[in-house]
2 protein chains.
Amino acid sequence: MTKKREQILGTALELFANEGYQNTSTSKIACQAGVSEGLIFKHFQSKEGLLHAIVNLANDDIRDFIKRIENQDDPKKVIETAFDFPPLVSSNRDFWKLQFSLKYQCPAKQQYHEKKELINTFETMLEKAFRELDYDNPEMETELLMNIIGDLCRKHCNTDNGCDQEYINFVKQKYEV
Amino acid sequence: MTKKREQILGTALELFANEGYQNTSTSKIACQAGVSEGLIFKHFQSKEGLLHAIVNLANDDIRDFIKRIENQDDPKKVIETAFDFPPLVSSNRDFWKLQFSLKYQCPAKQQYHEKKELINTFETMLEKAFRELDYDNPEMETELLMNIIGDLCRKHCNTDNGCDQEYINFVKQKYEV
DNA sequence: TATAAAAGTAAGTAATCACTCACCAAGGTA
DNA sequence: TACCTTGGTGAGTGATTACTTACTTTTATA
């Protein structure tokens, strides 16, 4: 990967995340990245192709996390590991900001948010854990915890100085982890 | 209010909510509303003025709801009333879709999402209720329930055939309401 | 060293954008 | 009737958009 290609990807991620995909013109990306506008289209064919490339880049992080949660046997540990996900969001904040903004865009752009592999694995593991721990309604418990984790991720995206540890501990306590 | 003005407001809300503010051009609104493009600017001065007018329109619904929650004395009833909010979202789905999409836009447009009056009243009432019910940590309980209600609202926005009643009942049970 | 592919640029393109302007029509009031 | 405000139109405006084209430079390799 050439340096200018990396420059384009980095600048575009930053602008897409913080000013919105629609609000970011290819000329602005080129200008801020210090490259000619034509180069963007040489590398990524279209503005949407650039978005696609950016979204695919962060998939490795996600696959690593899935492996970590899959390797847990102890159901309590599974639930505990779930709470490690929001901090992961912090470490790649612009990417997740972009993800959440795409989720609430028009249907045409929502495809780029579909981290279904991650979400499905997450849900399956949690439901199994709740079942092994003899919770009354493992399905609904999973839906609730997915919501809670999702909100934590959203918060991590938008707060600069890390996370609200008191709140995290409070929720963890509810699950005795 | 004239008929054509209403047409503009209705069409713009529908398009802003379902295709995004940035993706909706004033010419498209005019075309679909069956009016001339110039009329939009006669009535609302700018595209952003139109957005502003739309966002202000739904404030009455919100104020009604605030009054309802404020008039509750019984703390259990306060928590129960909180669960009435997501169905309210269903009754004006396009407006709330727009609200959530604006929340994840660039900072320039986020001002139109600030339903702070609603959120603050909500939070204050819930915290008071949790305190009266002798919960260990009323602040954190409030944050958690606000998250749960927020997620329910998001779900109500995006599902066509009403709400996931089983999940709502499951959560209500946790609060014994 | 010759050469071809890849990296990169500057100056375009047509289309679309939000917005304006000159003008018309209807309705209320003096 | 005269006149003025308000509602409404259609054909513009310049700026910006995503994208292209013709061209040059760098890099890899046979």
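So you know, we letter chains A, B, ... as the sequences are listed, proteins then strands, and number each from 1. Just the heavy atoms: all of them, side chains too, but no hydrogens, waters or symmetry mates, feed the values below. Here the structure is a predicted model, which is why all the values come from computation and not from measurement.
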Taking the six-membered ring of A:Y167 (Phe, Tyr or Trp), confirm whether the NZ or CZ of A:K155 is under 6.0 Å from its centre and within 45° of its axis. yes
To the nearest Å, give me how far apart CD (B:Q22) and P (D:dT16) are. 15 Å
Criterion ring-ring contact (aromatic ring centres under 6.0 Å, His included) on A:Y21 and A:Y112, from CA distance to verdict: CA-CA 12 Å; A:Y21 174 77; A:Y112 298 110; 7.9 Å; no
With a 4.0 Å cutoff (strictly under), does any side-chain N or O of A:H43 reach OP1 or OP2 of C:dA6? no
Without decimals, in angstroms, what is the distance between B:L39 CG and C:dT20 C1'? 14 Å
Check every strand shown and say whether B:S25 touches a base, only sugar-phosphate, or nothing at a heavy-atom separation below 4.0 Å. sugar-phosphate
Side-chain heavy atoms of A:M146 within contact of A:I119, under 4.5 Å: yes
Choose from C:dT9, C:dC17, D:dA18 the nucleotide whose nearest atom is closest to any side-chain atom of A:E37. D:dA18
So B:K47, base contact, sugar-phosphate only, or nothing? Heavy-atom distance under 4.0 Å. sugar-phosphate
When you get a sec, tell me which of C:dT20, D:dG7, D:dG10 is the closest nucleotide to the side chain of B:F41? C:dT20
Want to settle it: does A:G38 or A:K28 sit nearer the 5' end of DNA chain D, counting the closest nucleotide to each? A:K28
Given atom CD1 of A:I29 and atom C1' of D:dA18, what is their separation to the nearest angstrom? 11 Å
Is there a donor N/O on one and an acceptor N/O on the other, under 3.5 Å, for the side chain of A:K4 and the base of C:dG8? no
CD1 of A:I40 versus P of C:dA7: gap in Å, rounded? 15 Å
From CZ of A:F44 across to P of D:dT20 the rounded distance in Å is 15 Å
Whole-Å gap separating C1' (D:dG8) and CD (B:Q7): 15 Å
Cationic N near anionic O, under 4.0 Å, B:K76 to B:E80: no
Heavy-atom nearest nucleotide on DNA chain C for B:K42 versus B:E48: which residue maps closer to 5'? B:E48
Does a nitrogen or oxygen in the side chain of B:T2 sit under 4.0 Å from OP1 or OP2 of D:dG7? no
Nearest whole Å is fine: how far is D:dT9 C1' from B:K3 NZ? 19 Å
Counting side-chain heavy atoms from C-beta on, which of D:dT17, D:dC19, D:dG10 comes nearest to A:S46? D:dC19
Would one find a side-chain N or O of A:S36 under 4.0 angstrom from OP1 or OP2 of C:dG8? no
Please report, rounded to the nearest Å, how far the P atom of C:dA18 is from the CG atom of A:N23. 12 Å
Would you say D:dT17 has OP1 or OP2 under 4.0 Å from some side-chain N or O of A:S27? yes
Separation of A:K174 NZ from B:E141 CD (nearest 0.5 Å): 3.5 Å
